[in-house]
Amino acid sequence: DKALRPLLTKAITGAERIITVSDSLRRLALELGVDPERARVVANGVDAEKFYPADRAAMRARYKLPADARVLITVGGLVERKGFHRVIDVLPALLQQFPELHYLVVGGASAEGDWEVRLRQQVESLGLCERVHFLGTLPPEKLREPLSAADIFVLSTRNEGWANVLLEAMACGLPVVTTDVGGNAEVVARPELGTVVPFDDAPALQQALSDALARQWDYGAILAYARDSGWDQRIELLCEIFRSILQKNDVSGQPMPQAGGR
């Protein structure tokens, strides 16, 4: 954005510290001229009070899914960037291997647009109306229910900073298949957590989903990783940064910031 870029550059190069939620965003800040010593990554965390596994059988019954189904799920705004259409495109091939496959679509319109009609038309044209379930928008405290009904979380997204929904899925026990954009590979940091594939590579996405559906996952390892990525740990890191700024200003004799001041 030619209008916003100079304003952003002025703001971040003049800041005492730059805190980014992923290293991919930190690298962008450095490209705009930020001193590496002033840039720190503090990733987003997951709210363990809202995201934890529910009983899978009960959740499948709630969403009228067969007990023996293989279930994919994506949560996000129904927009091009999130890539629901890219997942839907590979479902016919996956159904040949997994005849009981179902796909849960959770989300609605956002500031980026609304692709719901287009996605429903795509589903109908591929003959998938009985296999793709549009659940609409759900509040955060309800998201663990469809997540717990699923086997694999998939996000074939075009771009992300740090997609918190990946951690939220892991906190409900789900391995993840996602694209190698933004900070996704920083969230899905190890093979036991899931698979990262090239963006807009349908064969790679299909193969990764096939492998994930067939694999025996260590759900304990996935849950442990999510628990270690809670907000408490992130908040302590942020407080450490703020304390260092205040201590530096105090020692240098600079005036301390006042509440409500600039």
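Across all non-hydrogen atoms, the minimal contact from Tyr225 to Val187 is OH-O, 2.7 Å. In terms of heavy-atom proximity, Pro175 sits nearest to Tyr219 at CD-CE2, 4.1 Å. Between Leu167 and Ala226, the closest heavy-atom pair is O-CB, 4.2 Å. Nearest heavy atom pair, residue Val75 against residue Phe84, reads C-CZ, 4.4 Å. The heavy-atom pair separating Ser22 from Gly183 by the smallest distance is CB-CA, 4.1 Å. Residue Ala185 comes nearest to Asp180 through the heavy atom pair CB-OD1, 3.9 Å, listed as atom of the first residue, atom of the second, then distance.
The CG atom of Asn164 sits 4.5 Å away from atom CG of Asn44, with the distance rounded to the nearest 0.5 Å. Interatomic distance, Ile88 CD1 to Thr74 OG1, rounded to the nearest 0.5 Å: 8.5 Å. Summarising the geometry, atom CZ belonging to Phe153 is positioned 5.0 Å from atom CG belonging to Leu155; distances are rounded to the nearest 0.5 Å. Between Ile152 atom CD1 and Tyr103 atom OH the span is 13.0 Å, to the nearest 0.5 Å. Rounding to the nearest 0.5 Å places CZ of Arg227 at 11.5 Å from CD of Gln233. The line from CG of Asp200 to CG of Leu205 is 9.5 Å long, rounded to the nearest 0.5 Å.
Pairs passing the salt bridge (charged side-chain N to carboxylate O under 4.0 Å, His left out) check and including a residue from residues 119-130, sequence neighbours excluded, read Glu116-Arg120. Within the structure, every pair that satisfies the salt bridge (charged side-chain N to carboxylate O under 4.0 Å, His left out) test and touches residues 152-170, not counting sequence neighbours, is listed here: Glu80-Arg158, Arg81-Glu160, Lys82-Glu160. Listed by first and then second residue, the salt bridge (charged side-chain N to carboxylate O under 4.0 Å, His left out) pairs that reach into residues 136-157 are Arg56-Asp151, Arg60-Asp151, Arg62-Glu145, Arg70-Asp151, Lys142-Glu145, sequence neighbours excluded.
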Inset, instruction - Go through the steps for Leu32 and Thr13 under the test side chain to side chain contact (heavy atoms under 4.5 Å, CB included), then give the verdict. - result: CA-CA 8 Å; Leu32 292 176; Thr13 54; 5.5 Å; no
Inset, instruction - Show your reasoning for whether salt bridge (Lys or Arg N to Asp or Glu O under 4.0 Å) applies to Arg17 and Glu37. - result: CA-CA 9 Å; Arg17 293 284 192 281; Glu37 295 298 318; over 6 Å; no
Inset, instruction - Please lay out, stage by stage, how Ile12 and Leu8 fare under the test side chain to side chain contact (heavy atoms under 4.5 Å, CB included). - result: CA-CA 6 Å; Ile12 67 174; Leu8 174 63; 3.8 Å; yes
Inset, instruction - Apply side chain to side chain contact (heavy atoms under 4.5 Å, CB included) to the pair Leu65 and Val71, showing each step before the final yes or no. - result: CA-CA 9 Å; Leu65 296 168; Val71 182; 4.1 Å; yes
Inset, instruction - Tell me, with the steps shown, if Ser156 and Thr178 meet side chain to side chain contact (heavy atoms under 4.5 Å, CB included). - result: CA-CA 5 Å; Ser156 187; Thr178 190; over 6 Å; no
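At a threshold of 4.0 Å, the pair Glu186-Arg26 does not count as salt-bridged, since none of the basic side-chain nitrogens sits closer than that to a carboxylate oxygen.
A donor-acceptor contact shorter than 3.5 Å links the side chain of Trp217 to the backbone of Ala212. Formation of a donor-acceptor pair under 3.5 Å by the Thr179 side chain with backbone atoms of Thr157 is found in this model. Judged by distance alone, the side chain of Trp231 and the main-chain N or O of Gly45 form a donor-acceptor pair under 3.5 Å.
Looking at heavy atoms from C-beta onward, Met170 lies in side-chain contact with Leu193 at the 4.5 angstrom threshold. Side-chain contact between Leu101 and Leu213: present, with at least one pair of heavy atoms (C-beta onward) separated by less than 4.5 Å. Between Asp201 and Pro203 the shortest side-chain heavy-atom distance falls below 4.5 Å. You'll find the side chain of Leu209 reaches within 4.5 Å of the side chain of Val90, heavy atoms only. The closest side-chain heavy-atom distance from Arg131 to Leu95 is below 4.5 Å.
No chain of hydrophobic side-chain contacts below 4.5 Å, direct or via other Ile, Leu, Val, Met, Phe, Trp or Tyr residues, connects Val165 to Met59. Note on Leu28: it does not cluster hydrophobically with Ile18, by side-chain heavy-atom contacts below 4.5 Å among ILVMFWY residues. Using a 4.5 Å cut-off between side-chain heavy atoms of Ile, Leu, Val, Met, Phe, Trp and Tyr, with links allowed through other members, Leu104 and Phe98 fall into the same hydrophobic cluster. Transitive grouping of hydrophobic side chains (ILVMFWY, heavy atoms separated by less than 4.5 Å) brings Val46 and Val21 into a common cluster. Linking ILVMFWY side-chain heavy atoms closer than 4.5 Å, directly or via other members, places Phe51 and Leu138 in a single hydrophobic cluster.
More than 12 heavy atoms of other residues, nucleotides or ligands sit less than 6.0 Å from atom CZ of Arg215. A 6.0 Å sphere centred on CZ of Arg243 holds more than 12 heavy atoms belonging to other residues, nucleotides or ligands.
Counting Ile, Leu, Val, Met, Phe, Trp and Tyr side chains that sit under 4.5 Å apart, directly or through other members, Leu237 shares a hydrophobic cluster with Ile19, Val42, Leu238, Ile241, Phe242, Ile245. Here Val41 sits alone; no ILVMFWY side chain lies under 4.5 Å from its own, so it joins no hydrophobic cluster.
Judged purely by distance below 3.5 Å, without hydrogens or angles, the side chains of Asp89 and Gln206 never pair a donor atom with an acceptor atom. Between the side chains of Tyr52 and Ser148, no donor-acceptor pair is found at a separation under 3.5 Å.
Residues satisfying the ring pair (Phe, Tyr, Trp, His ring centres under 6.0 Å) test with Trp115, not counting sequence neighbours, are His85.
The aromatic rings of His133 and His102 sit parallel, their planes meeting at an angle under 30°, below the 60° perpendicular limit.
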